[in-house]
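Source: prediction; values computed, not measured.
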Amino acid sequence: MEFLLQQLVNGITLGGVYALVALGYTMVYGIIQLINFAHGEIYAAGGYMGVILISWLFAQGYPPAICLGAALLLAMGYCALLAMAVEKVAYKPLRHSSRLSVLLSALGMSIFLQNGLMLTQGVYDRAYPGEMVQGGFEVAGAVVSYMQVIIVSVTIVLLLALNLLVFKTRIGKAMRATAQDKTMSALVGINSSRIISLTFAIGAALACAAGIMVGLYYGSVRYDMGFVPGIKAFSAAVLGGIGNITGAMIGGLLIGMIEVFAAGYISSEYKDVFAFIILIAVLYFMPTGIMGENVDDTRV
Amino acid sequence: MTIRASKLWLGYGVAMAWFFVLLWPLLGIKAEGLEFAESISIWLKVAVAAAILLGLHQLKQGGLFRFLEKPTQAASAAADALAARVPRWLALCAVAACALAFPMLTERYAHDVAISVLVYIILGLGLNVVVGLAGLLDLGYIAFFGVGAYTYALLSVHFELSFWLCLPIAACFSAIAGCIIGYPTLRMRGDYLAIVTLGFGEIVRIVINNWMSLTNGPNGVLGIKSPGAYWFKDGSFEHIWLNSLEQLYYIILGLAMLTIVAVYRLNYSRIGRAFEAVREDQTAAELMGVNTLRLKLLAYAMGAVFGGIAGTFFAARMKFVSPESFTFIESAMVLAMVVLGGMGSIPGVILGSLALIALPEVFRGFEMYRMFVFGGVMAVMMIFRPKGLWPAKRMGARSEERD
């Protein structure tokens with residue numbers, strides 16, 4: 001029972017992180033029907049920006065809470081700019097090319113960014129300074145660390161903010177309109193290229209937050225840390241129904257849970273395999289996912 | 001300055017400012033304090049290079065290089081005429097002769113590089129069948145290389161089967177793996193397919209890494225035998241091991257030539273044309289009576305066979321295999337070769353392998369930058385030259401191109 005509860009806590013933490021990354025995939029897919037291959041690298045860049053900024057702020061003698069908050073905001077801004085640059089270079093000039101070309105250019109961009117991180121930050125793990133957030137408490141035998149509390153609460157705040165942005169504001173309305181029909185939304189005066197840029201930026205900011213929190217949780221970051229979580233988050237987006245924001249949140253949570261429980265009860269060596277198997281099974285048996293609408297021929 | 005030109009330079013300014021904002025935090029913010037020297041020096045280099053390129057572009061637009069057009073056109077026409085006069089078989093013979101004479105003219109180190117180039121040529125041509133001909137983006141291709149390598153490694157270590165016997169066995173195993181991977185992905189297109197094959201590639205690597213009792217996990221398999229042969233010596237046939245790099249070079253050269261001929265024949269066969277039909281328009285192909293499901297499976301299996309052959313040789317040459325050789329980066333590398341050279345083009349893939357494997361050996365100091373540069377080149381190629389360095393020739397004209 002205690003073990004189950006502990007896995008539940010860990011699963012929610014991990015699931016929240018996957019949900020944040022999955023949102024970037026699903027939003028970009030919803031608007032241009034393409035996988036953003038460089039998204040995992042944005043997540044890694046976020047993790048690195050977190051290390052860099054927190055180390056610097058910490059050395060200036062600010063208290064941990066301010067370090068964390070300021071680093072989170074600055075790094076999210078940085079990743080938004082990075083993702084917009086990726087969009088301008090790898091996606092925008094190819095808007096009318098074949099899907100294969102866009103995919104390849106995005107893949108090239110992903111390799112470029114990953115190796116750029118390696119060249120500027122080194123091949124080895126980079127540790128977060130000291131123990132930023134220590135300790136925890138016990139609930140019915142399961143240990144909940146304060147870091148997990150922070151991760152879950154930041155995730156919830158970001159998800160709520162995103163929901164407000166997408167469903168309650170004019171910008172959100174424009175985004176939804178562009179996702180539904182680019183030509184029609186352009187006819188009513190929505191600048192679709194600006195909306196696409198914005199979508200990339202928002203997705204990147206969320207992925208960046210996820211990267212920082214994972215870095216804090218495990219204590220270090222690595223230049224290739226974005227690759228596997230990227231695929232898992234994409235699986236989460238597909239599981240929830242690609243293009244659907246609520247679906248991505250649910251999918252992320254489910255994938256996190258499944259991974260933690262599979263690692264705990266079946267085999268920890270094969271934990272990475274389960275997410276891939278789910279991805280394949282969902283695409284094969286239920287390509288629309290949990291919350292997805294009907295999928296037309298161009299998507300699957 | 002025209003409005004267009006000033007807009008261009010304004011864009012340049014914004015892009016460079018943006019680039020600096022992205023570059024500086026990575027290099028300049030240190031726990032000890034803020035630094036500017038390193039990032040500014042890199043930024044200046046990039047900015048100057050970009051300014052020169054942009055300036056040249058402007059001058060070209062303005063017609064400054066028009067005086068060069070005539071001589072270059074004349075030169076290329078002359079070169080074309082010369083190439084047309086030399087028969088194709090002569091050119092091919094010359095290339096083949098160079099390849100055969102290569103080990104006699106060069107050093108050990110060059111043999112080593114040449115062997116890797118040839119292995120990657122086989123891999124590139126195999127992936128070319130899947131990506132270039134059938135248009136199915138496969139990001140887990142290296143898995144078949146791994147299946148081939150492990151098949152030979154295990155059969156050689158446990159059962160002492162010979163390389164030549166294992167070659168077809170490994171090819172069969174890879175083909176089966178190709179079908180297993182291909183089957184669930186058949187209903188998907190484009191980017192879903194890409195990410196699922198990526199997942200499959202990772203699954204294969206993780207399984208190899210963790211199945212200790214079979215594959216010895218991350219420690220790898222040691223003691224794989226070289227290819228053997230019977231050689232006439234002192235009046236009788238004697239069994240020898242083909243150990244030296246020169247002998248291995250000839251083996252892989254033979255395998256590569258076999259692959260080239262096979263892929264060339266495939267290109268111009270009925271199946272090859274059906275692959276192209278599927279690539280161009282699946283629905284139309286289906287309407288014309290092409291069995292798209294079977295063909296896609298066939299494309300996967302064929303690509304996998306070449307991957308398996310390359311893998312078998314790789315295991316025999318290294319005498320050691322471990323899961324580290326089959327990571328995603330390797331898949332991306334092979335894909336980069338196909339894309340760089342030109343999808344669907346055999347000389348293109350060969351050129352791509354030479355560029356990606358041999359060039360970094362020449363510029364050894366830049367080893368670190370290899371994948372960085374190739375990632376960037378891959379993205380830029382798609383914008384400026386999506387057909388690759390040596391584009392594939394189409395058979396016949398398309399209806400919209402005819403008039």
With no hydrogens and no angle check, is any side-chain donor or acceptor of T26(A) less than 3.5 Å from a backbone partner on G243(A)?
yes

Check whether [X] gets within reach of chain B through its side chain, its backbone, both or neither, counting any heavy atom under 4.5 Å.
X       : value
M49(A)  : side chain
S101(A) : both
I35(A)  : both
E269(A) : both
L81(A)  : both
L34(A)  : both
L82(A)  : both

Ring centroids only, cut at 6.0 angstrom: are F328(B) and F227(A) within range, meaning strictly under it?
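Yes - the distance between ring centres of F328(B) and F227(A) falls below the 6.0 Å cut-off.
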
Between Y91(A) and F200(A) (judged by ring centroids, cut-off 6.0 Å), do the two rings come close enough to count as a pair?
yes

Taking every non-hydrogen pair under 4.5 Å, which of [options] racks up the most with chain A?
options                           : answer
Y369(B), F374(B), F19(B)          : Y369(B)
G135(B), A336(B), A332(B), P25(B) : P25(B)
E202(B), R370(B), E38(B), K30(B)  : E202(B)

Taking atom OH of Y183(B) as the centre, does the number of heavy atoms from other residues, nucleotides or ligands within less than 6.0 Å exceed 12?
no

Within a 6.0 Å radius of atom NZ on K7(B), are there more than 12 heavy atoms belonging to other residues, nucleotides or ligands?
no

Chain B: which of [options] shares the most heavy-atom pairs with it under 4.5 Å?
options                           : answer
D224(A), I231(A), L94(A), V123(A) : L94(A)
D272(A), L104(A), L107(A)         : L104(A)
I111(A), L74(A), V102(A)          : I111(A)

Rounded to the nearest 0.5 Å, what's the gap from [atom1] on [X] to [atom2] on [Y]? Could you check?
X       : Y       : atom1 : atom2 : answer
F144(B) : I142(B) : CZ    : CD1   : 10.5 Å
I54(A)  : Y62(A)  : CD1   : OH    : 14.5 Å
L53(A)  : Y48(A)  : CG    : OH    : 14.5 Å

So for [X], is it side chain, backbone, both, or neither that comes closer than 4.5 Å to the heavy atoms of chain A?
X       : answer
V21(B)  : both
L335(B) : side chain
V377(B) : neither
W24(B)  : neither
M381(B) : neither

Would E259(A) and Y18(A) count as a side chain to side chain donor-acceptor pair (under 3.5 Å) if you check the C-alpha gap in whole Å, the side-chain angles of each, and the deciding distance to 0.1 Å?
CA-CA 11 Å; E259(A) 185 182 329; Y18(A) 287 154; 2.7 Å; yes

Name all residues meeting the ring-ring contact (aromatic ring centres under 6.0 Å, His included) criterion together with F234(A); count only those two or more places apart in sequence or in a different chain, and write none if there are none.
Y25(A)

Residues two or more places apart in sequence or in another chain: which of them pass side-chain hydrogen bond (donor to acceptor under 3.5 Å, both in side chains) with E87(A)?
R95(A), S197(A)

